[in-house]
Student: 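Below are the structure tokens for one structure; questions will follow.
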Amino acid sequence: MVAPESDTRRESAAIGTIAGRYEVTRELGRGGAAVVYLARDLRYARSVAVKILKHEIADSVAKQRFLNEINVTASLQHPHILAILDSGEVTGIPALAGLPFHVTPYLEGDSLRVRLDRERQLPITEAVRIALEIADALDHAHAHGIIHRDIKPENILFSGRHACVADFGIAHALDCSVMDRITSTGLTVGSPFYMSPEQAAGERDLDARSDVYSLGCVLYEMLAGIAPFNGATPVTVIAQRFTNPARPLRAYRASVPPHIEEAVAHAMAL
């Protein structure tokens, strides 16, 4: 199968070596704010993931402030947190020159989103174990004054069978850097399916409870096979959490123990 011409141009434009050290080989994926590439760390002869802000986002951010925020989160060292190895502005690839990037280890396992798309509902003990590993990572970050702000299945990766939380500080870095201008680009910092009510309401001074709410939403989906709130647009999804409680977990899956259903409801309490 031949790739579309636009895809071919996009891939070839990114091929090269960043900062004389990271040899980009191919694209791994893209989200609302950034593109992730597989690269070879020439210094240590290892595979890494390089995440580069998109042009339309980078044009709106204060780059140094963004990088400063990323560097703060690089201090987090925890077995269930994806480490930040390096950051800076792209040099060596003309099409990407000047764009902020950061480097993390490359994990070969799927994301939780891929797994949920494939399996829909996870075994109850497995879902709880994954949630506990995420909670442990969040507890470590919160103890260091860092709030994730974007807990969602796409940001939960797997190293072997263990969960690893990615993108710590990225949402905060974007939020701090772009401030009110970010809404004019059409980008929401955080996913409407998992964001807390206070984050959905536009509050900036978030605390650990916001991440706990998002984790509750993720665990709900792992068990029920569907996010607690759904809708055709981000606005309708967000509105539901202010007007209607999520349907009880056991309505979707009667085998969920009552104490787990209660714990999820408590995490998502307004």
Side-chain angles (χ1 to χ4, degrees), residues 29 31-32 80 109-139 141-142 147-158 160-168 171 188-203 206-270:
H80 298 302
D110 291 330
S111 69
L112 179 57
R113 167 52 60 212
V114 171
R115 186 169 177 185
L116 287 173
D117 287 346
R118 181 175 63 241
E119 302 178 32
R120 190 167 174 265
Q121 294 180 343
L122 301 190
I124 293 173
T125 55
E126 179 78 352
V128 171
R129 180 187 64 78
I130 291 170
L132 288 173
E133 291 180 346
I134 299 169
D136 195 29
L138 291 174
D139 184 61
H142 295 163
I147 310 300
H148 191 288
R149 296 170 178 252
D150 196 17
I151 293 295
K152 59 186 178 182
E154 289 82 354
N155 282 338
I156 310 302
L157 309 179
F158 289 99
R161 62 188 294 269
H162 294 291
C164 193
V165 183
D167 279 5
F168 257 102
T188 301
V189 180
S191 168
F193 295 100
Y194 312 99
M195 67 170 58
S196 66
E198 58 268 32
Q199 187 175 7
E203 295 183 21
L206 303 178
D207 59 29
R209 291 172 294 180
S210 182
D211 282 346
V212 171
Y213 183 97
S214 298
L215 175 56
C217 292
V218 171
L219 179 53
Y220 185 107
E221 183 171 354
M222 285 194 284
L223 295 170
I226 186 172
F229 302 103
N230 288 277
T233 67
V235 172
T236 57
V237 174
I238 289 171
Q240 287 184 43
R241 59 186 21 85
F242 292 103
T243 57
N244 300 303
R247 192 179 183 193
L249 259 175
R250 287 161 58 82
Y252 289 107
R253 192 172 180 181
S255 58
V256 173
H259 69 279
I260 293 179
E261 180 182 58
E262 182 180 350
V264 172
H266 183 68
M268 295 171 56
L270 297 180

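The first residue in the sequence is number 1, and the count goes up from there.
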Student: Does CZ in R209 sit with more than 12 non-hydrogen atoms of other residues, nucleotides or ligands closer than 6.0 Å?
Tutor: no

Student: Measuring from atom CD of E203 to atom OG of S210, what distance do you get when rounded to the nearest 0.5 angstrom?
Tutor: 9.0 Å

Student: One pair to check against side chain to side chain contact (heavy atoms under 4.5 Å, CB included): R115 and L122. What are the steps and the verdict?
Tutor: CA-CA 9 Å; R115 186 169 177 185; L122 301 190; 3.6 Å; yes

Student: What is the minimum heavy-atom distance between A200 and I238, and which atoms define it?
Tutor: CB-CG2, 3.5 Å

Student: For a quick test of reading the model, state the closest non-hydrogen atom pair linking R241 to C217 and the distance between them.
Tutor: NH2-SG, 4.3 Å

Student: Distance from I130 atom CD1 to E126 atom CD, nearest 0.5 Å?
Tutor: 4.5 Å

Student: Looking only at heavy atoms, what is the nearest atom pair of A208 and H142, with distance?
Tutor: CB-ND1, 3.2 Å

Student: Can you tell if the side chain of P153 reaches within under 4.5 Å of the side chain of Y194, non-hydrogen atoms only?
Tutor: yes

Student: A side-chain contact here means heavy atoms from C-beta on lying under 4.5 Å apart; do Y220 and Y252 qualify?
Tutor: yes

Student: What pair of heavy atoms forms the shortest contact from A141 to F168, and how long is it?
Tutor: CB-CE2, 3.3 Å

Student: Please evaluate residues L138 and I134 with respect to the criterion side chain to side chain contact (heavy atoms under 4.5 Å, CB included), reporting the C-alpha separation (whole Å), side-chain torsions for both, the decisive distance (0.1 Å), and the verdict.
Tutor: CA-CA 6 Å; L138 291 174; I134 299 169; 4.1 Å; yes

Student: Hey, mind stepping through L116 and E119 against side chain to side chain contact (heavy atoms under 4.5 Å, CB included) and telling me if it holds?
Tutor: CA-CA 5 Å; L116 287 173; E119 302 178 32; over 6 Å; no

Student: In Å and rounded to the nearest 0.5 Å, what is the CZ to CD1 distance from R129 to I124?
Tutor: 14.5 Å

Student: Is the H80 ring parallel, tilted or perpendicular to the H162 ring (thresholds 30°, 60°)?
Tutor: tilted

Student: Any chance the side chains of Y213 and E198 put a donor and an acceptor closer than 3.5 Å?
Tutor: no

Student: So among I156, D150, D211, L215, which one has a side chain to side chain contact (heavy atoms under 4.5 Å, CB included) with V165?
Tutor: I156

Student: For R118 and D110: C-alpha separation, side-chain torsions, deciding distance, then whether side chain to side chain contact (heavy atoms under 4.5 Å, CB included) applies.
Tutor: CA-CA 11 Å; R118 181 175 63 241; D110 291 330; 3.0 Å; yes

Student: Taking atom CG of L112 and atom SG of C164, what is their separation to the nearest 0.5 Å?
Tutor: 12.5 Å

Student: Just by modelled atom types, is the R113 backbone N or O under 3.5 Å from a matching donor or acceptor in the E154 side chain?
Tutor: no

Student: Check residues 259-269 and write down every donor-acceptor pair under 3.5 Å in which the side-chain atom is one partner and the other belongs to a residue at least two apart or another chain.
Tutor:
residue, atom, partner, partner atom, Å
E261, OE2, L249, N, 3.2
E261, OE2, R250, N, 2.9

Student: So how far is it from S191 OG to I151 CD1, rounded to the nearest 0.5 Å?
Tutor: 11.5 Å

Student: Report the distance from atom CG of N155 to atom CG of D167, rounding to the nearest 0.5 Å.
Tutor: 4.5 Å

Student: Can you tell whether the side chains of E221 and R120 come within less than 4.0 Å, N to carboxylate O?
Tutor: no

Student: Between N230 and F193, is there a side-chain heavy-atom distance shorter than 4.5 Å?
Tutor: yes

